[in-house]
Amino acid sequence: MTFDGRHFRIDLVFYNYILKCFVLIDLKVGDLRHQDLGQMQMYVHYYERELMNEGDNPPIGIVLCADKSESVVKYTLPENETQIFASKYKLYLPSEEELLRELNQEYRVMVQD
C-alpha cells in the first residue's frame, strides 16, 4: 500500500473463509517494538476502511517476532484489543513432549478462565 508517496508492505495476507476476515501477518526478526504494533494497527485500519466487503468481519493482525515483551504489548495496544496480537516465534519445531506440555498448560489456563 502507498500513502503520500511512502510504500508499506505486509509480509503475509490471508483471507479466512471460516472467520470471514482478512488475516494480516508481519514477521519481525528482532524483538517486538511499539512501532511494530503501531504499524500493524495502520494495516488493520486500512483493510477495515478500504478492502472489507459487506459481510466481512474486521481484520486480524498478527506480529510474529523473535522476542515479545508483555509490557510493550500492554501499554501500546488498547486494553480490550481483539484484532491485533503479538507472539514470539520458535526457530525449531517443538518435540512431542514439549508440544504436549504447552497444550496442557494452555488448557489449564483456559479452564481457569
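Side-chain atoms are counted along with the backbone in the values below, which use heavy atoms only and exclude waters and symmetry mates.
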Which atom pair, heavy atoms only, marks the closest approach of Cys65 to Gly30? CB-O, 3.5 Å
Supply the atom-to-atom distance Met52 CE to Asn57 CG, rounded to the nearest 0.5 angstrom. 7.0 Å
Is the closest side-chain heavy-atom distance between Asn16 and Phe14 below 4.5 Å? no
What distance separates Glu48 CD from Gln41 CD, expressed to the nearest 0.5 Å? 10.5 Å
Within a radius of less than 6.0 Å around CD of Gln35, do more than 12 heavy atoms belonging to other residues, nucleotides or ligands occur? yes
Between Thr76 and Arg33, does a side chain to side chain contact (heavy atoms under 4.5 Å, CB included) hold up when you go through it step by step? CA-CA 9 Å; Thr76 302; Arg33 301 171 305 148; over 6 Å; no
Can you tell me how far CG of Asn104 sits from CG of Leu99, rounded to the nearest 0.5 angstrom? 9.5 Å
Closest heavy-atom contact between Pro59 and Cys21? CA-CB, 4.4 Å
Pairwise distance CG(Asp11) to NZ(Lys28) - rounded to 0.5 angstrom: 6.5 Å
Decide if the gap between the ring center of Phe3 and the ring center of Tyr46 is smaller than 6.0 angstrom. yes
Applying the 4.5 Å side-chain criterion to the ILVMFWY set and letting contacts propagate, would Ile84 and Leu51 be lumped into a single cluster? yes
Closest non-hydrogen atoms of Pro58 and Gln83, given as atom of the first, atom of the second and distance, are CB-NE2, 3.3 Å
Find out if a path of hydrophobic residues (ILVMFWY) with successive side-chain heavy-atom gaps under 4.5 Å connects Ile25 to Val13. no
For atom CG of Leu93, is the number of surrounding heavy atoms from other residues, nucleotides or ligands below 6.0 Å larger than 12? no
Checking His34 against Tyr75 for the side chain to side chain contact (heavy atoms under 4.5 Å, CB included) test, could you report, in this order, the C-alpha distance in whole Å, the side-chain angles of both residues, the deciding distance, and whether it holds? CA-CA 9 Å; His34 69 280; Tyr75 293 113; over 6 Å; no
Close side-chain approach of Leu32 and Lys88, heavy atoms under 4.5 Å: no
Given the rule that I, L, V, M, F, W and Y join up when any side-chain heavy atoms are under 4.5 Å apart, are Met40 and Tyr89 in one cluster? no
Quick check: is Val29 connected to Leu64 through a chain of hydrophobic side chains (ILVMFWY, heavy atoms under 4.5 Å apart)? yes
What distance do Tyr47 atom OH and Asp56 atom CG have between them, rounded to the nearest 0.5 Å? 12.0 Å
Side-chain heavy atoms under 4.5 angstrom apart, residues restricted to Ile, Leu, Val, Met, Phe, Trp, Tyr: same cluster for Val72 and Ile62? no
Mind checking the CD-CG spacing from Gln39 to Leu24? Nearest 0.5 Å is all I need. 11.5 Å
